[in-house]
Every structure is written in structure tokens, then in C-alpha cells.
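Reviewing the structure listed below.
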Amino acid sequence: MKATGIVRRIDDLGRVVIPKEIRRTMRIREGDPLEIFTDKDGELIFKKYSPIGELGDFAAQICDSLRKTTDGIAAVCDRDSVIAISGGARRELLEKPISPQLAEIMDSRAAYRHAGGNELPVTQSDSKYRVSVAAPVISEGDLMGSVLFVSERNGANGTELEYKLAQTAACFLGKQMES
């Protein structure tokens, strides 16, 4: 664990303010759920909770199915990182933070299909891969993540089939999270 040197007091309602710098660095937004852990040494640990992350194995199976159907690279991400991928690029993309551009596309809650022009990077650190297709996963009105088809830079644009499959898989994941 890394010490920040920041100390906060608990108010009379039991609240603690997480400093703005930490919220910005950890991409914690107002309304984001946090999981609270304790250990035997009396430490409290706050961790961002990813509801779609709970479906990690299921998301991996969806990626495998999409891969077999299209022979492309399929991925599922939550609002912060890639949580499942099939078809290559696993080492470069899995569990890596998504790019700000992808976060912006997800926040728009609209499906995306690359049709030329500027390329949309998948992660902050990788420049080899780009998003071909992205469909938002929405559950009970909340944005949870996205289903992606990924290609190498300057690769083929997303197909109509990939676009429709991503939307279907995203809708299915959203419904799974509601139940």
C-alpha cells in the first residue's frame, strides 16, 4: 500500500472526503460505488466497485463467442479498464486503463463504429490497437461499460455484423446485470 501523506477527519455523520487529486487519479466520479475492505491490522481499504467486473467469467465467454463468430478481437470493458478479451492482444490490453477518448465515447451512451478519420485508442498506454466498434452496456439506466471489437491501427473498419453483434452483446450484458 502506498501512503499519500493526506489525513482526513470523519465528520459527525461518519463521512470522509476523498481528496480531489486522488479522485481524479483513480477516476472516481460522483455516484461511483466503492467497496470497503478491512484487515486484521485495522486498515480500511476503499476499492472502486465494478458491477460488470462481477461478470468477468461471463464477459470472457461472450468475447470467445464473438471471436468465433467474426474471427476478430472482441473485448469487454468497464468504465475504467478492459476486463475480458479474446482473439489476441490479451497481454497489451487486458486490465489496462481505457483511453480518455474511449471513456468519452462510452459517456455519450451511443454505439460507435470507426469509419475512417481519427483512430480511437483502446487504452492509455497502447498505440498498436484501436476501437473498430463500441457498444455501451447500460443497466437500469446506468452506464456500466462497453463491448468492443478491436483492430490493429490502420486495420479494417468495423463491419455491420460486428456493429450489430456488439450492440446485442451489450444489451444482453446489461440485462444480466439487472437480474
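Computed from a predicted model, the values in this text were never measured in an experiment.
- Remark: Leu161 CG to Leu66 CG distance equals 9.5 Å, nearest 0.5 Å.
- Taking hydrophobic clusters as Ile, Leu, Val, Met, Phe, Trp and Tyr residues chained together by side-chain heavy-atom distances below 4.5 Å, Val17 does not share a cluster with Ile45.
- Side-chain atoms of Asp39 come within 3.5 Å of backbone N or O of Asp41 as a donor-acceptor pair.
- Looking at heavy atoms from C-beta onward, Arg79 lies in side-chain contact with Asp32 at the 4.5 angstrom threshold.
- Two residues are said to be in side-chain contact when any heavy atoms from C-beta on lie closer than 4.5 Å; Ile105 and Val131 fail this criterion.
- Interatomic distance, Ile18 CD1 to Ile28 CD1, rounded to the nearest 0.5 Å: 5.0 Å.
- Residue pairs satisfying the side chain to side chain donor-acceptor pair (under 3.5 Å) criterion with at least one member in residues 6-15, sequence neighbours excluded, are listed as follows: Asp11-Arg15.
- At a threshold of 4.5 Å between non-hydrogen side-chain atoms, the residues Leu120 and Arg130 do not count as touching.
- Follow the hydrophobic side-chain contacts under 4.5 Å out from Met144 and you never reach Val82; the two are in separate clusters.
- Residues Val137 and Gly174 approach most closely at CG1-N, 3.7 Å, considering heavy atoms.
- By the ring-ring contact (aromatic ring centres under 6.0 Å, His included) test, Phe46 is found to be paired with no residue, residues two or more places apart in sequence or in another chain being considered.
- Between Ala134 and Leu148, the shortest heavy-atom distance links the atoms CB-CD2, 3.5 Å.
- Residues Leu34 and Ile6 share a hydrophobic cluster, clusters being chains of Ile/Leu/Val/Met/Phe/Trp/Tyr side chains in contact below 4.5 Å.
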**Q.** Glu104/Gln101 under side-chain contact (heavy atoms from CB on, under 4.5 Å): CA gap, chis, key distance, verdict
**A.** CA-CA 5 Å; Glu104 197 174 300; Gln101 299 93 322; 5.6 Å; no
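- With Glu178 contributing its side chain and Ser139 its backbone, the two residues share no donor-acceptor pair below 3.5 Å.
- Cluster membership for Leu165 and Tyr163, using ILVMFWY side-chain heavy atoms within less than 4.5 angstrom, is shared.
- Put simply, NZ on Lys96 and CG on Asp80 are 15.0 Å apart, with the number rounded to the nearest 0.5 Å.
- For Ile62 against Ala169, the heavy-atom pair with the smallest separation is CG2-CB, 3.9 Å.
- At least one side-chain heavy atom of Lys128 sits under 4.5 Å from a side-chain heavy atom of Glu152.
- Taking both residues in full, the closest heavy atoms of Asp64 and Ser86 are given as OD1-OG, 2.7 Å, listed atom of the first, atom of the second, then distance.
- Between the CD1 atom in Ile85 and the CD atom in Glu95 there is a gap of 11.5 Å [rounded to 0.5 Å].
- To the nearest 0.5 Å, atoms CD1 (Ile83) and CG (Leu93) are separated by 13.5 Å.
- When side chains are defined from C-beta on, Arg109 counts as touching Leu143, because their heavy atoms get closer than 4.5 Å.
- At a threshold of 4.5 Å between side-chain heavy atoms, the hydrophobic network of Ile, Leu, Val, Met, Phe, Trp and Tyr places Tyr112 and Val76 in two separate groups.
- Annotation for Val133 and Gly158: closest pair CG2-CA, 3.7 Å, computed over non-hydrogen atoms.
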Q. Run the salt bridge (Lys or Arg N to Asp or Glu O under 4.0 Å) check on Glu160 and Arg113 step by step: do they pass?
A. CA-CA 9 Å; Glu160 185 67 22; Arg113 182 173 166 195; 2.7 Å; yes
**Q.** Criterion side-chain contact (heavy atoms from CB on, under 4.5 Å) on Ile98 and Thr123, from CA distance to verdict
**A.** CA-CA 4 Å; Ile98 63 170; Thr123 64; 5.7 Å; no
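- Between the CE atom in Met106 and the OG atom in Ser99 there is a gap of 9.5 Å [rounded to 0.5 Å].
- Closest approach of Ala84 to Cys63, counting heavy atoms only: O-SG, 3.8 Å.
- Between Ile73 and Tyr129 the shortest side-chain heavy-atom distance falls below 4.5 Å.
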